[in-house]
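This report refers to the structure that appears directly beneath it.
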Amino acid sequence: MAHSASLAVSAPGRVARRRWDGVRNALPGYLFLAPWLAGFVLFTLGPTLVSLYLSFTDFDLLRAPQWVGAANYQRMFSSDPKFWASVSVTLTYVVLSVPLKLAFALAVAMVLDRGIRGLSIYRAIFYLPSLLGGSVAVAILWKQVFGYEGLVNEFLWFAFGINGPSWISNPATSLYTLVLLSVWQFGSPMIIFLAGLRQIPRDLYEAASIDGATRRQQLTRITLPLLAPVIFFNLVLQTIEAFKAFTPAFIISGGTGGPVDSTLFYTLYLYQQGFAYFRMGYASALAWVLLLTIAAFTALTFFSQRFWVYYEDDQR
Amino acid sequence: MGMKASRRDVLRFGALIASPAILKLTGAGALSSPAAAAEPGRLRIAWWGGTDRARRTQAAIDAFKLGRSGLEIAPETVGWDAYWTKLATQVAGGNAPDIIQMDYRYLPEYARRGALRALDDLVPSVIDPSDYVPSVLEAGKIDGKLYGIPMGMNSDVLLYDKTMLEKLGLAAPNPEMSWAEFATLGENITKKANRRGYFGSADPSVMEPELEYWVLTRGRTLYDKDGRLGFTRDDAESWLALCAEMRGRGAIVPADLAATDKITIDSDLLTTGRAAITFTNSNQIVGYQAVSKSKVGMAFHPKGEKPGEYLKPSMMLCVSATAADPKTAAALIDFMVLKPEGAKLLGVERGVSPSEKIRALLAPELDEGGQMQVEHLSQLSKRGPAPLPPAPPKGAAEVTALIRQAAEKVGFKQLTPQQAAEQLVSEAERILSKA
């Protein structure tokens, strides 16, 4: 009796004490987090929120922002053909480059997974383009390779006597050279795929081959289903990356998105509006639409998981 | 309890951040209130340009500092594109340089927004441009007040590969040449040179100044005084059609080569060895000759009905409205453009001086490129240049991109000259009405 009474009295106190313990235990964590948190609030969250405000204004950097309501958003969707041009270029780029890059990365990873000698050397070599990938130097290199007197045309000339066009400055081909550049940077998804492949138990393959499964069946029945979480991860990451692509188009087109807007990536158009035409309000609105679009695509990918991604502990 | 409260705190904090009042404070307030960044005894001067210009300007700054102990001058220099982004950001942040190199096309915007200081009270006591070419000095005035001191004059010209033309046995372009003769010359160069990917001329239709030349010879301007479009669909169509015809005959480069021309000296088709003729500003010959193995010559455009070339103020120097010591800033400007010592150090790299005194002083020391500029501009003065067109309005940068796009759409045969001209004019009018 006495025991239970004392328990009843002390229960709230003990709960409060436990909570305080929790806070106290977490305190050093927050303390260590503080520098990052301060940086995040000051340099990421703050500017992001300011840009949300600016997206409802007319702001040319020199004069104070004028509140214009939703005019920037209206203009984007109703009377800006360049906006739609940039949306179409970006979507084409995402839809082409992401699956191609993933397929290529997976293919290379599977070859490397067979356990060839000197694997670490190959891995490093294949990863190299990814390290250089987003850089200005590689974009310039690409310009040389696909330019008028580039490697590709020299080859066509000497091998077939064909006088090739300047691939990077022709509206019919320029975007595809950029897709190719993106596929060439398959290194980081490849490394992740390779790690994923290593996780698949070897005895599954052994059992399958004893049961008479072909290589193709092993691929579609064992490898791909078990790799699905890794494919999903790479898909989300690469889609976001592709939406954000900027440097190659900026360098190769000299910041114009040309010829004839064929490489006018959404981010490049945003940059032009903000930093070439000084329409910071409109550029902010463009940035927010991009943010929401990426969020929507990511959410959609996450939602689609239930149809194709199986985790090992899944009961389905 | 503690946990709950902190979560609510976070929400409250978020609401605070998101409320428009705070955003106004952090965004608008911080961005628009000019903080006093300038300090006496220290001047900041900003310009755009390459290494040769940086070297010359630094030499002039050092010479100016000699007689003034304790004066510190900090130079800031970047390329053309980055310059305007940086300057706009600095002015917005109340951190503008004291002396600003300014282009004719941006002068009205900066002057009317109060970013620049009118210099009338310092003329002629500190700066005395009384022997300037009057029309050039006039270009530095906005609404009757003097904001910019022009550093030099230039004009839109045609540059050609002299060595190549001599090798091919073709006559250099002459001042009376018509567009038909120009097209024939281009065609002949292409045929005689007979090299894969080598053509008579660069494509002028992707260059905004060349459309301007064309409309000036037809008695119009790109923009009128009120910032509206000054040319008609017919002007644009005839220009695009002329260039399409020259492209078809091989007189000018095909569209995929024209697309590699980013209107910089480095990417210019004369520099990259794709064409024998190009179009640019006269003072740029210094830069072109520096990177070209051939001798570069200068010529007039094919003649039109009316004059289309005019004397441009190539660039100006302005004093920021926030300058702590405008008098010393003005003295440095005077030293660079009007004092023999400073002007000699700068040479004609920024164009030919609008001051007669300085022109006479520099004449004996000029190299070939300098002499060509002076000679060309004096001939232009004799021929009768076109009057200085109104400064381009806000939104002109976008129209420049549209002009290029219209040319590319014709070049890649996506549109006829008529369709492209129609699109150009209606799009340009839409942009200018919103700017």
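Proteins get letters first, then strands, A, B, ... in listed order; numbering begins at 1 in each.
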What distance separates [X] [atom1] from [Y] [atom2], expressed to the nearest 0.5 Å?
X: B/Thr260; Y: A/Ile168; atom1: OG1; atom2: CD1; answer: 7.5 Å
X: B/Asp256; Y: A/Thr173; atom1: CG; atom2: OG1; answer: 8.5 Å
X: A/Asp261; Y: B/Lys409; atom1: CG; atom2: NZ; answer: 6.5 Å
X: B/Thr400; Y: A/Tyr277; atom1: OG1; atom2: OH; answer: 8.0 Å
X: B/Glu109; Y: A/Asp60; atom1: CD; atom2: CG; answer: 7.0 Å

Please state whether the side chain, the backbone, both or neither of [X] comes within less than 4.5 Å of a heavy atom of chain B.
X: A/Phe278; value: side chain
X: A/Ser253; value: backbone
X: A/Trp157; value: side chain
X: A/Gln272; value: neither

Could you look at [X] and say if it's the side chain, the backbone, both or neither that has a heavy atom under 4.5 Å from chain A?
X: B/Arg404; result: neither
X: B/Lys262; result: side chain
X: B/Ala115; result: neither

Under a 4.5 Å cutoff for heavy-atom pairs, which residue among [options] has the most contacts with chain B?
options: A/Asp58, A/Asn170, A/Ile252, A/Thr57; result: A/Asn170
options: A/Pro81, A/Gly22, A/Pro47; result: A/Pro81
options: A/Gly255, A/Gly254, A/Ser174, A/Pro171; result: A/Pro171

Just wondering, are more than 12 heavy atoms of other shown residues or ligands nearer than 6.0 Å to [atom1] in [X]?
X: A/Phe275; atom1: CZ; result: no
X: A/Phe77; atom1: CZ; result: yes
X: A/Gln66; atom1: CD; result: no
X: A/Phe155; atom1: CZ; result: no
X: A/Tyr176; atom1: OH; result: no

Tell me, with the steps shown, if B/Gln405 and A/Lys82 meet side-chain contact (heavy atoms from CB on, under 4.5 Å).
-> CA-CA 11 Å; B/Gln405 181 143 334; A/Lys82 278 222 169 195; 3.6 Å; yes
Any salt bridge between A/Arg279 and B/Glu398, counting N to O under 4.0 Å?
->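 Salt bridge present between A/Arg279 and B/Glu398.
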Greatest number of heavy atom pairs closer than 4.5 Å to chain A - which of B/Thr85, B/Ile263, B/Val206, B/Thr264 =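 Maximum pair count with chain A is reached by B/Thr85.
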Could you pull out the closest heavy-atom pair between A/Ser79 and B/Arg430, with the gap in Å?
->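 That would be O-NH1, 2.9 Å.
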Would you find a donor on one side and an acceptor on the other, under 3.5 Å apart, between the side chain of B/Glu408 and the backbone of A/Pro259?
->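 Not at all, since once roles are kept as given, no pair shorter than 3.5 Å links the two residues.
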Are B/Val91 and A/Leu61 close enough, and set up right, to give a side-chain contact (heavy atoms from CB on, under 4.5 Å), and what steps lead you there?
-> CA-CA 8 Å; B/Val91 170; A/Leu61 278 179; over 6 Å; no
